Amino acid sequence: WLSLRTMKRGFDGTEEHMPNAYATGAEEGAQNDTMVLRLLVSNLQVGTIIGKGGANIKGIREMSGCRMQIADMVLGSTERLISVTGSVD
């Protein structure tokens with residue numbers, strides 16, 4: 001279960017609602033009425049998200065019902081892409 005509201009905050013502190021990006025089913029395993037959230041996370045923090053033996057990411061997956069994927073490290077990059085796919089309901 002994933003329920004998110006997308007907002008954009010300007011440098012002056014103003015906030016603006018943005019349309020949610022729904023998956024079209026093009027991604028493997030994605031179904032209609034799903035949302036895909038993509039995050040860039042520091043390589044130093046990815047280990048915290050994964051947890052010892054994958055315990056943290058497994059817990060997040062089980063509690064939320066979302067599918068999480070963490071991209072492999074790219075040479076020269078300090079960040080990794082995390083994709084979270086879940087139901088809009």
Side-chain angles (χ1 to χ4, degrees):
W1 178 75
L2 178 67
S3 178
L4 295 174
R5 178 185 244 172
T6 307
M7 306 259 322
K8 178 172 75 172
R9 179 170 292 171
F11 289 111
D12 60 357
T14 59
E15 293 182 349
E16 176 184 338
H17 292 281
M18 296 178 64
N20 290 326
Y22 294 101
T24 61
E27 290 192 19
E28 182 181 334
Q31 298 175 5
N32 289 340
D33 297 329
T34 61
M35 179 182 226
V36 179
L37 175 66
R38 291 183 180 92
L39 307 162
L40 282 176
V41 178
S42 165
N43 285 334
L44 300 174
Q45 299 302 316
V46 169
T48 302
I49 294 170
I50 295 171
K52 189 171 185 174
N56 291 347
I57 196 167
K58 181 180 178 186
I60 293 168
R61 286 174 175 160
E62 289 174 355
M63 287 182 359
S64 67
C66 293
R67 180 172 170 233
M68 295 182 66
Q69 291 182 295
I70 300 176
D72 293 334
M73 288 179 29
V74 175
L75 186 63
S77 176
T78 60
E79 298 172 321
R80 290 171 71 179
L81 178 66
I82 298 179
S83 297
V84 182
T85 305
S87 173
V88 175
D89 304 337

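FYI, side chains are in, hydrogens and waters are out, and symmetry mates aren't considered; it's all heavy atoms of this structure. Since the structure is predicted, the reported quantities are computational estimates derived from the model, not experimental observations.
A heavy-atom distance below 4.5 Å is not found between the side chains of V84 and I60.
Closest of all the heavy-atom pairs between R61 and M68 is NH2-O, 2.6 Å. In plain terms, the two heavy atoms of C66 and G86 that are nearest each other are SG-CA, 4.0 Å. Summarising the geometry of N56 relative to G51, their closest heavy-atom pair is ND2-CA, 3.4 Å, with the distance given to 0.1 Å. Closest of all the heavy-atom pairs between I82 and I49 is CD1-CD1, 3.6 Å. Residues S83 and R38 share a closest heavy-atom pair of OG-CG, 3.9 Å.
Here the CG atom belonging to L39 is positioned 8.0 Å from the CG atom belonging to L81, to the nearest 0.5 angstrom.
In terms of modelled atom types and a separation under 3.5 Å, the side chain of R80 and the main chain of N43 share no donor-acceptor contact.
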